[in-house]
Amino acid sequence: MFALVDGNNFYVSCERVFDPRLEGVPVGVLSNNDGRFVARSAELKALGVKMGTPAFQVRDLIRQHRVRVLSSNYTLYGDMSARVVQTLREFAPEVDVYSIDESFLGLRGLEHLGLAAYGRGIRSAVKDWVGIPTCVGIGPSKTIAKLANRAAKQVPEFGGVCDLSDPVLRDRVMQTIPVGDVWGVGAASARKLEALGVLTAADLRDVDRRQVRQVLTVVGQRVVDELRGISCLPLELVTPQQKALAVTRSFGRTVDAWEPVREAVVTYATRAAEKLRHAGLAASYVQAFCHTNPFSADPQHHGVAHLALLEPTSDTFEIVGAAVACAQRAWRRGFRYGKAGVILDGLVRPERAQRSLLGPARDPEKSARLMAAMDAINGRLGRNTVYLAGAGRPEQREWKTRFDRLSPRYTTSWDDLPVAR
DNA sequence: TCTGGGGTCCTAGGACCC
DNA sequence: TCTGGGGTCCTAGGACCC
């Protein structure tokens, strides 16, 4: 048996823990660049604001209903997420952290406690200890636990915990869930299934396995098995080694010159190299892209280029050099670019990296010492204390992403510590 | 004026081998 | 006129997730 514990309106709930004035009123959290709504309180959902709605499209509604709108405060959400996980580990020996606001728990050997009661215990502990409201779904496969969680969120009678280990209740719930809401069935698959008359989760469970394999490949077949209660997706108790890493961002406004694009790519590549070292990994390939704004009427261009590094590395200078070389090939005169990104691929543990006959591009000893010094300085004194000149001066970066309504980093910065009176 | 970011997995098709 | 069969490896692109 699996349980899925999922934070309700997670980002909004994090904000509410530290600002109780946000309780009971419509609250929304925006994506990067203050673009779209990525989290909505129940009150905001009730006003009809959908997930992913661009903020500017509902400006009047926001003003009319005094919606509290916030930029994403990822530092805060990441820290709150870690606290939730820590609490869950007190309750279950097996915790599979699936996303920032969701964890699967293995319930083997805990059945004698009564699974629904167990779920209610977890729920109230997370609320009491961390301050985050959650819902708990229970089922014999991850996919069914997901369905149960959805039911727990949508049907008030469940009181936030839905146990679908009973096949009769499970069938009843499955008949009410549209096929597109099943985990693993996206828009494209939903369209194909609906054309075949498969409309609900129950329909999908009962569909012929070979037929679904033809239409949706093995991925769809796995979903069907999971819906039948055959667990195909095991708990991932150790995080598998990361394979790729990206830093991509929309600009605060579009730019047509090369220099700002280069500055952005240097900045993103620098950040990517930091993340890489933090994970203790080295990258084999570097990729950079720049895109025009797809929503504008301007001429469109999506430029991309990649480069294989001589040897896997986590050296900022090497990665920045490769990223700029890529960006130079991707960028074209005469376009207004709105977004750029750097992607590192082929991540390996440095000690297992394939070496080159031509030797490393930089002295590994010196590089390691220099990178450690840079990381230490920026770690202690702030992110932009030392940076590459090619990134431009932070206060003069015209392309900088917008975060106009950022809340304080209540839990991770001394300067932002809440004051109690 | 204004529209997110960071990941994984699967498949098809090309390049290559004997 | 007529040109094989059986593999592996890699990558781009699509689909999906939160």
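Residue numbers begin at 1 in each chain, while the letters A, B, ... track the order of the sequences.
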Whole angstrom is fine here: how far is it from [atom1] in [X] over to [atom2] in [N]?
{"X": "A:I100", "N": "B:dG4", "atom1": "CD1", "atom2": "P", "answer": "19 Å"}
{"X": "A:N33", "N": "B:dG5", "atom1": "CG", "atom2": "C1'", "answer": "11 Å"}
{"X": "A:L245", "N": "B:dG5", "atom1": "CG", "atom2": "C1'", "answer": "12 Å"}
{"X": "A:N32", "N": "B:dT3", "atom1": "CG", "atom2": "C1'", "answer": "13 Å"}
{"X": "A:R40", "N": "C:dC18", "atom1": "CZ", "atom2": "C1'", "answer": "13 Å"}
{"X": "A:E236", "N": "B:dC9", "atom1": "CD", "atom2": "P", "answer": "8 Å"}

Using a heavy-atom cut-off of under 4.0 Å over every strand shown, decide if [X] touches base, sugar-phosphate, or nothing.
{"X": "A:R249", "value": "sugar-phosphate"}
{"X": "A:R222", "value": "sugar-phosphate"}
{"X": "A:K146", "value": "sugar-phosphate"}
{"X": "A:V304", "value": "nothing"}
{"X": "A:D101", "value": "sugar-phosphate"}
{"X": "A:A187", "value": "sugar-phosphate"}
{"X": "A:L30", "value": "nothing"}

Read 5' to 3' with Watson-Crick or G-U pairs under 3.5 Å, [ ] for crossing pairs and | for partners on another strand, DNA chain B gives ....||||||||||||||

Return the 5'-most residue of the pair A:M51, A:K243 with respect to DNA chain B, ranking by each residue's nearest nucleotide.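 Its nearest nucleotide being more 5', the pick is A:M51.
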
Exercise for the section: Return the 5'-most residue of the pair A:R253, A:K275 with respect to DNA chain B, ranking by each residue's nearest nucleotide. Expected result: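 Final value for this comparison: A:R253.
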
| field | Aromatic A:Y387 / basic A:R397 pairing, under 6.0 angstrom, 45° off normal | value | yes

Quiz item: Are A:R150 and A:D6 ion-paired here, with the side-chain N under 4.0 Å from a carboxylate O?
Solution: no

Would you indicate, yes or no, if [N] has its OP1 or OP2 atom less than 4.0 angstrom from a side-chain nitrogen or oxygen of [X]?
{"X": "A:Q57", "N": "B:dT3", "result": "no"}
{"X": "A:T248", "N": "B:dG6", "result": "yes"}
{"X": "A:S250", "N": "B:dG5", "result": "yes"}
{"X": "A:R36", "N": "B:dG4", "result": "yes"}
{"X": "A:H306", "N": "C:dA12", "result": "yes"}
{"X": "A:S189", "N": "C:dA15", "result": "no"}

So, with a heavy-atom separation below 4.0 Å from DNA chain C, the residues of residues 72-81 of chain A are none

Subject >> Output field: ring centroids A:F335/A:H301 closer than 6.0 Å >> reply: yes

request  = Look at the side chain of A:Y98 and decide which nucleotide, out of C:dC18, B:dG6, B:dT3, has an atom nearest to it.
outcome  =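 In terms of side-chain proximity for A:Y98, the closest of C:dC18, B:dG6, B:dT3 is C:dC18.
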
Legend entry - Distance, nearest 0.5 Å, that separates CG of A:D128 from CZ of A:R123: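 Answer rounded to 0.5 Å: 11.0 Å.
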
**Report entry** Distance between P atoms of C:dC18 and B:dT3 (Å, rounded)
**Finding:** 25 Å

